[in-house]
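One structure below.
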Amino acid sequence: MKKRSNFTVMLRLIGLVKPLVGFMLLAIVMGLAGHLCAAFITIFGGYAVLNMLGMHTPLGLTAIFVSVCVFALARGFLRYAEQACNHFIAFKLLALIRDKVFRALRSLCPAKLEGRDKGDLISVITSDIELLEVFYAHTISPTAIAALFTVVMCLFIGSFSPVLGLLALAAYLVVGLAVPLITSRASGDDGMRLRTQSGALSGFVLDSLRGLDETIQYGQGGKRLHEMNERTDALAADEARLKRTSGRNMAFTNTVILAFDLAMLFTSAFMVWRGDLAFSGALIPTLALMSSFGPCVALANLGSTLQNTFAAGNRVLDILEETPAVADITGQPEIAFSGAQAEHVTFSYGGETILRDVSVSIPKGSVVGIVGRSGSGKSTLLKLLMRFFNVQQGSVKISGIPVDRVNTDNLRRMESFVTQETHLFHDSIRSNLRIAKLDATDEEIVAACKKASVHDFILTLPKGYDTPVGELGDTLSGGERQRLGLARAFLHDAPLMLLDEPTSNLDSLNEAVILRSLHDERENKTVVLVSHRQSTMKIADTVYSVEHGRMS
């Protein structure tokens, strides 16, 4: 995780507000007017007291009373308008940020996401982004409002006495600027630690749910529960520490406010005693200061809260600013498939060499088989053909052109890739299949499923093709999921099919049906088969063996 200062995180998050700057300015204007109304309710109350004591005031008692009523009504309306603008901005920006994060994840996938904790990613996408609402709804405009409000109130108080105006400025700066900085430093890395542990806990819970059957089977439920409780307790302890820090910060802020209120009271009283001020010149500035700390207190209370928010923002920025391992290619001429080849390919991942000087020829219309032990690099070769990764040495070509010079969309249209584990979304079977071709007709879907030997099975389900698939496809067997993955590949109708252990979960009968379909498609399709099964290799024109990253 990249370590950024809170100031850097704040600037990056503020930069995202540009599309909604008009609403932000409206929120600031409404907020400033609302806080001035609230402060002047108390100030005009002071004028009312002076009026009843027979002293000269700018307005009569009736006018003061009417003004206070207007201020009170306006305060409610303006407060609502400010919050409505702020929350519109916040939720609109959260939607935009989620869109940016999903786009970033798509560009990072799969190279930069392999091995990443999926639970932690879910935590970033959900709770971390949600926490940014505090920044957008309760930080940006309140900061601007506090700054403008400080200027107005200092000028008003300074009109009675420059000394009192400077004292008010000192009070606002300490409460609204110094206190948040002090409390932010006192919180240290507690916010980042809390967000990191929260993400880790999400990953642990997701992992526990996925492995629930194994946990029950081997009687490890108690141990798993104990570890979950330990992680939860540690997270609760960190959150409690943040809450205690927040409570101490609030107490400190209120103490500072009381000290400045007393300083204003005693300073103005001393000036009245010396004859430098009239009684009204002491009462009104004192009431003005006492009633005007609202905007600054809002900033002071954010000191510890923002630690958590900035930590969340830092984690979101990690995703948005991460450079993809493989950038999308655009602007190249469109090409048609006429064969593929790997030439003297060497590829390393995580410091380990996976493939060494590998060369494979895949003529158009052929079936090429690749066999080898687990971990020998067979699946990696298919991923290089898909350009999920870039080769370090040698080249991978489609139609005689290196894949890193083929438009990414063009490359994806030419290739179908079926992995060892087929992912099914929590949707109907029909919708899961249409991922391969969004405009596919029902007839095309049925034809693809017949080729994958899964049509008859689907018809036995309660709702046929409209039958919902359980989350993560758990309502289906491994073989059924695998056949649906093959149906997707047939429906995509790409000229090059890359099949990674396509029949590993199938019985011999279903394997035979699928292999026959692949054989019948060879006039229009080029197939690369990775498999341990010798029976699968019977349809291959050429079989390559990979051992320890070398081809034979």
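Annotation for Tyr80: atom OH does not count as buried by contact number, only 12 or fewer foreign heavy atoms lying within 6.0 Å. Heavy-atom contacts from other residues, nucleotides or ligands closer than 6.0 Å to NZ of Lys92 number 12 or fewer. More than 12 heavy atoms of other residues, nucleotides or ligands sit less than 6.0 Å from atom CZ of Phe457.
A distance of 7.5 Å separates CD1 in Ile97 from CG in Leu320, rounded to the nearest 0.5 Å. The CD atom of Gln392 lies 8.5 Å from the OG1 atom of Thr346; values are rounded to the nearest 0.5 Å. Taken from CD in Gln482 to CD in Glu501, the straight-line distance is 8.5 Å, to the nearest 0.5 Å. Atom-to-atom distance recorded for Arg224:CZ and Asn229:CG is 12.5 Å, nearest 0.5 angstrom. Going from atom OG1 of Thr8 over to atom CG of Asn314 covers 9.5 Å, rounded to the nearest 0.5 Å. A distance of 11.5 Å separates CZ in Arg488 from CD1 in Ile445, rounded to the nearest 0.5 Å.
Looking only at distances, a side-chain donor or acceptor of His492 sits under 3.5 Å from a matching main-chain atom of Ala436. Side chain of Glu82 to main chain of Gly34: no donor-acceptor pair is present (N/O by atom type, distance under 3.5 Å, no hydrogens or angles). Between the His226 side chain and the Gly222 main chain, no donor and acceptor come within less than 3.5 Å of each other. A donor-acceptor pair under 3.5 Å links the side-chain atoms of Asn410 to the main chain of Ile335, judged by distance alone. Checked by atom type and distance alone, the side chain of Asn407 pairs as donor or acceptor with a backbone atom of Gly331 at under 3.5 Å. No donor-acceptor distance shorter than 3.5 angstrom exists from the side chain of Ser431 to the backbone of Asp427, with no hydrogens or angles considered. No donor-acceptor distance shorter than 3.5 angstrom exists from the side chain of Arg387 to the backbone of Thr408, with no hydrogens or angles considered. The backbone N or O of Val316 lies less than 3.5 Å from no partner atom in the side chain of Asp128, so there is not a single donor-acceptor pair. No donor-acceptor distance shorter than 3.5 angstrom exists from the side chain of His35 to the backbone of Phe293, with no hydrogens or angles considered.
Under the 4.5 Å side-chain criterion, counting only non-hydrogen atoms from C-beta, Ile362 is in contact with Leu385. Here the side chains of Val345 and Gln393 are not in contact, with every heavy-atom distance at 4.5 Å or above. Using a 4.5 Å cut-off on side-chain heavy atoms (C-beta onward), Thr380 and Leu355 make contact. In this structure, the side chains of Leu13 and Leu132 come closer than 4.5 Å at one or more pairs of heavy atoms. Cys296 places a side-chain heavy atom less than 4.5 Å from the side chain of Thr150. Counting heavy atoms from C-beta on, the side chains of Ser141 and Met24 come closer than 4.5 Å. Here the side chains of Thr232 and Met228 are in contact, with some heavy-atom distance below 4.5 Å. Looking at Gln332 and Val406, their side chains never come closer than 4.5 Å, going by heavy atoms from C-beta outward.
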query = Between Ile89 and Ile140, is a side-chain contact (heavy atoms from CB on, under 4.5 Å) present by the stated rule, with each step listed?
reply = CA-CA 11 Å; Ile89 293 167; Ile140 299 179; over 6 Å; no
request  = Take Asp466 and Ser428 through the test side chain to side chain donor-acceptor pair (under 3.5 Å) and record every step on the way to the result.
outcome  = CA-CA 5 Å; Asp466 293 317; Ser428 68; 4.9 Å; no
request  = Test Asp439 against Arg434 for salt bridge (Lys or Arg N to Asp or Glu O under 4.0 Å), laying out the working first.
outcome  = CA-CA 7 Å; Asp439 60 349; Arg434 276 210 171 103; over 6 Å; no
request  = Check the pair Leu148, Ile28 against side-chain contact (heavy atoms from CB on, under 4.5 Å), reporting the backbone distance first and the verdict last.
outcome  = CA-CA 9 Å; Leu148 295 173; Ile28 292 170; 3.8 Å; yes
query = Given the rule in the side-chain contact (heavy atoms from CB on, under 4.5 Å) test, do Ile458 and Cys449 qualify, once you have shown the distances and angles that lead to the verdict?
reply = CA-CA 9 Å; Ile458 294 174; Cys449 288; 3.9 Å; yes
task = Could you please spell out the steps behind the side-chain contact (heavy atoms from CB on, under 4.5 Å) verdict for Leu496 and Met414?
result = CA-CA 6 Å; Leu496 176 60; Met414 288 190 289; 5.6 Å; no
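Nearest heavy-atom pair across Phe23 and Cys85 is O-CB, 4.0 Å. Contact between Ala340 and Ile398 at its shortest, heavy atoms only, is CB-CD1, 3.6 Å. When all heavy atoms of Ala487 and Leu433 are compared, the pair lying nearest together is CB-CD2, 3.8 Å. Of all the heavy atoms in Tyr465 and Val446, the pair that sits closest is OH-CA, 3.7 Å. Between Ser348 and Thr353, the shortest heavy-atom contact is OG-OG1, 3.2 Å. Residues Phe417 and Met386 approach most closely at CB-SD, 3.8 Å, considering heavy atoms.
If you run side chain to side chain contact (heavy atoms under 4.5 Å, CB included) between Val528 and each of Leu381, Val360, Leu382, only Leu382 comes through.
Between Asp500 and Lys378 there is no salt bridge, since no side-chain N of the basic residue sits under 4.0 Å from a carboxylate O of the acidic one. Taking the charged nitrogens against the carboxylate oxygens, Arg413 and Asp493 have no contact shorter than 4.0 Å, which rules out a salt bridge. Using a 4.0 Å cut-off between charged side-chain N and carboxylate O, Arg231 and Glu227 make a salt bridge.
Between Phe425 and His423, the ring-plane angle classifies as perpendicular under the 30° and 60° cut-offs. Note on ring orientation: taking the six-membered ring where Trp is involved, the planes of Tyr172 and Phe149 are perpendicular (angle over 60°, cut-offs 30° and 60°).
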